[in-house]
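Along the sequence shown, residues are numbered consecutively beginning with 1.
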Amino acid sequence: MKQTQTMPKRYTSIWQDIVYAYRLLFQSSPIAILAVPAMVALSVLLPVIQNVLPALIVAMIEQGSIRRFLLALAGAGVLFAGAKWLQNSLQQKNLVYAQKCRMEAITRFYRKYATTSYQNVEPHGKQVDFQNAFSALNGDNWGIGQFFRKTPLFVYNLIGLVLYAGFLTAIDVKILLILIAMTVSCLVFERVSYRYQQRSRPEEGACKQDTFLLRNYCCGIENAKDIRLYGIENWFPKRMKQVYDRRIRINANIWGRMKLMDISNAVFLVARDIVAYGLLIRQVLAGQLSVAEFTFFIGIISGFTAWLTEMVTNFSYLRKAAIQQGYLRAYMEMDDCLMQGSGEELAPLSCPPSIEFRDVTFTYPETDRPVLEHLNLTIRPGQKIALVGANGAGKTTLVKLLTGLYRPDSGEILLGGRNIESYSQEEYFDLIGTVFQEPFLMAFSIEENIACCDEQQADHQRVCRCLQRAGLWERIERLPKGVKTPYSKELYEDGESFSGGEAQRLMLARALYKDAPVMVLDEPTAALDPLAEAQMYAQYNDLTADKTSIFISHRLSSTQFCDRVLYLEGGKIVEDGTHQQLMALGGSYAKMFAYQAYYYQKRLGERPDEQ
């Protein structure tokens with residue numbers, strides 16, 4: 001049974017996210033357990049030294065001891081310089097640790113994306129979840145990278161705030177009360193901004209997905225000809241502007257709410273200065289404070305405000321990072337919905353295997369209408385089946401279920417008489433060879449593209465044989481590096497590009513190399529010229545020998561090479577038989593075949609239904 005999947009509950013506790021991020025960091029670089037606290041301690045110590053030093057200088061001047069003044073100044077200077085050097089060194093080290101951890105997290109993220117079930121990848125909602133999750137890894141100023149940058153700052157801001165608050169109580173509690181009120185006001189306005197960021201996150205993720213798709217469409221080399229010839233080069237900037245305007249509106253609302261905090265700070269700073277300076281000056285005039293003490297406390301008051309402002313600002317950044325990392329954690333902990341298998345050792349599969357759909361119903365995620373309803377189908381071992389029908393009839397959906405990319409809502413699918421749920425995902429994928437309509441070639445060598453592994457692991461002779469069977473060997477043999485030639489002229493000077501038909505033949509060679517007992521071909525001749533298509537049809541029996549094969553094609557001439565034709569309509573098999581049987585039946589298949597044949601006949605003025 002297919003399970004409806006939703007993203008797990010997003011984590012909203014900033015403290016949980018900080019622990020999560022630093023657990024990853026310490027696992028990646030254990031030495032960071034010492035380096036991070038040391039950097040925080042130095043970050044607190046240095047401002048204290050900076051505040052004590054002016055007061056010390058004033059005190060020495062008042063005492064008139066030049067020698068002691070110079071010695072103290074030199075000692076403080078050496079201490080400050082040494083601490084500053086150590087702080088900078090630790091910051092650089094921690095930056096390296098953080099980048100290493102983020103790169104490892106990105107690797108795990110892409111592995112999750114590549115291995116999770118197809119139903120966690122294809123739906124639009126899942127694509128938006130992907131964009132939101134990836135934002136947590138998209139640089140040092142986002143998500144997990146932001147935690148590594150801002151958490152130490154927030155911690156030493158907080159420690160400094162508490163330390164300086166102790167000094168302020170020695171002056172007058174009124175100053176401390178004003179600064180506490182300032183802190184509360186900052187946190188209230190920061191929370192307003194945070195709540196808005198939470199609400200706007202789904203829309204922001206959708207904007208990023210739109211930007212990603214538009215950028216790929218605009219910059220894809222395969223689209224360059226159409227963009228120019230159809231004069232749509234101005235369409236992309238307009239659409240980009242619409243998307244960017246949405247993102248600008250969201251960010252403007254976020255920063256507009258943050259500005260309320262700045263206004264609040266300005267008001268409280270005026271009140272702070274009036275009260276603080278008034279009290280300190282009065283105490284100096286009354287002889288209760290020395291000039292050195294006055295200098296020290298002025299530095300403390302200014303430092304407290306700096307600690308406060310930076311603490312709230314860093315806390316705001318951490319809040320935003322927590323939203324992003326919440327999506328990342330949810331994505332990484334998402335149920336992969338993979339076939340787990342029975343856990344028992346399975347008997348070898350008889351080849352070629354039979355295929356059976358028993359009362360299968362399937363509905364795509366985010367939709368309510370079933371694409372297939374109570375479908376029953378039995379394919380005998382070694383049969384070559386053609387699936388035909390109008391667009392949206394359910395042909396591709398049937399193939400997605402058979403290949404294990406999706407799992408049915410109800411019913412079961414059997415391969416060789418065995419429920420496919422008894423296989424693990426990896427075991428089952430090993431049994432299926434596919435050639436899809438859209439070729440997927442990687443910027444590796446031709447040999448690696450066919451074998452889907454490193455050249456050292458590939459069977460070179462087998463690769464060559466598969467290229468010969470796919471009808472591409474003569475083309476590859478003429479290349480200076482042969483099968484070692486890299487694909488993609490954009491990345492390699494000596495790279496090679498292929499036409500659509502050649503790319504599909506490479507995909508066929510890949511499927512032949514895999515040598516799975518079930519072969520699925522989805523429009524494998526769509527990019528071939530008529531002669532090449534006729535040649536592939538002639539080879540079809542050889543290419544699918546000892547295999548049970550499913551063939552999807554809109555060109556009905558291909559069905560004559562199949563043992564059986566299934567005509568789908570509305571998610572149901574409405575006609576089933578050989579090409580000759582269905583033509584004699586005179587139903588939907590015969591009508592579709594006649595319409596296609598009409599355009600190849602000499603009497604173009606005569607419609608098939610007029611004959």
Side-chain angles (χ1 to χ4, degrees), residues 1-5 117-119 122 336-365 367-389 392-434 516-522 544 547-552 562-578 581-582 588-589:
M1 292 287 290
K2 182 189 73 171
Q3 299 178 351
T4 301
Q5 293 298 314
S117 67
Y118 191 68
Q119 68 187 57
E122 186 182 44
D336 287 325
C337 302
L338 299 176
M339 295 158 54
Q340 300 299 324
S342 61
E344 301 175 359
E345 186 175 351
L346 301 176
L349 183 71
S350 59
C351 294
S354 62
I355 298 171
E356 185 176 358
F357 281 66
R358 288 183 182 173
D359 197 33
V360 169
T361 296
F362 175 75
T363 305
Y364 279 106
T367 64
D368 298 322
R369 185 176 62 85
V371 180
L372 301 177
E373 286 190 271
H374 305 292
L375 178 75
N376 289 285
L377 168 64
T378 299
I379 301 173
R380 293 190 300 275
Q383 264 195 331
K384 297 167 179 54
I385 301 296
L387 295 180
V388 298
K395 303 183 299 296
T396 299
T397 301
L398 190 152
V399 165
K400 287 178 180 178
L401 291 172
L402 172 61
T403 54
L405 295 176
Y406 280 98
R407 297 160 77 181
D409 302 340
S410 61
E412 58 181 352
I413 302 171
L414 286 76
L415 186 67
R418 184 184 299 153
N419 192 318
I420 65 173
E421 294 290 340
S422 63
Y423 293 96
S424 69
Q425 195 79 60
E426 185 177 358
E427 289 171 338
Y428 188 69
F429 281 166
D430 286 341
L431 303 175
I432 308 292
T434 57
V518 176
M519 178 82 82
V520 177
L521 301 101
D522 186 355
T544 57
K547 301 181 188 303
T548 303
S549 61
I550 309 290
F551 190 97
I552 299 178
C562 295
D563 302 322
R564 189 171 157 204
V565 179
L566 305 178
Y567 187 89
L568 277 75
E569 189 175 284
K572 298 181 182 297
I573 299 173
V574 295
E575 296 180 20
D576 182 355
T578 65
Q581 289 171 338
L582 296 188
S588 299
Y589 173 81

Is there a donor-acceptor contact under 3.5 Å linking the side chains of Thr397 and Tyr406?
no
Can you name the side-chain hydrogen bond (donor to acceptor under 3.5 Å, both in side chains) partners of Glu569, sequence neighbours left out?
none
Can you tell me how far apart CD1 (Ile432) and OG1 (Thr548) are? Round to the nearest 0.5 Å.
9.5 Å
Please round to the nearest 0.5 Å and tell me the distance separating atom OH of Tyr567 and atom CD1 of Ile573.
13.0 Å
Between CD of Glu421 and CG of Leu415, what distance do you get to the nearest 0.5 Å?
12.5 Å
Quick one, Leu377 with Leu398, criterion side chain to side chain contact (heavy atoms under 4.5 Å, CB included). Give me CA distance, side-chain angles, the key distance, then yes/no.
CA-CA 10 Å; Leu377 168 64; Leu398 190 152; 4.3 Å; yes
Euclidean distance, Gln340 CD relative to Ser424 OG, rounded to 0.5 Å:
8.5 Å
Regarding Asp563 and Gln383, do their side chains bring together a donor and an acceptor under 3.5 Å, going by distance alone?
no
Kindly compute the distance separating CD1 (Ile550) from CE (Met519), expressed to the nearest 0.5 Å.
12.0 Å
Min side-chain heavy-atom separation Ser117-Asp336 under 4.5 Å:
no
Taking the side chain from Asn376 and the backbone from Asp359, do they hold a donor-acceptor pair closer than 3.5 Å?
yes
With Leu401, which of Ile413, Val371, Leu375, Ile420 fulfils side-chain contact (heavy atoms from CB on, under 4.5 Å)?
Ile413
Rounded distance [0.5 Å steps], NZ in Lys395 versus CZ in Phe551
12.5 Å
Report the relative orientation of the aromatic rings in Tyr428 and Tyr423; use parallel for angles under 30°, tilted for 30 to 60°, perpendicular for over 60°.
tilted
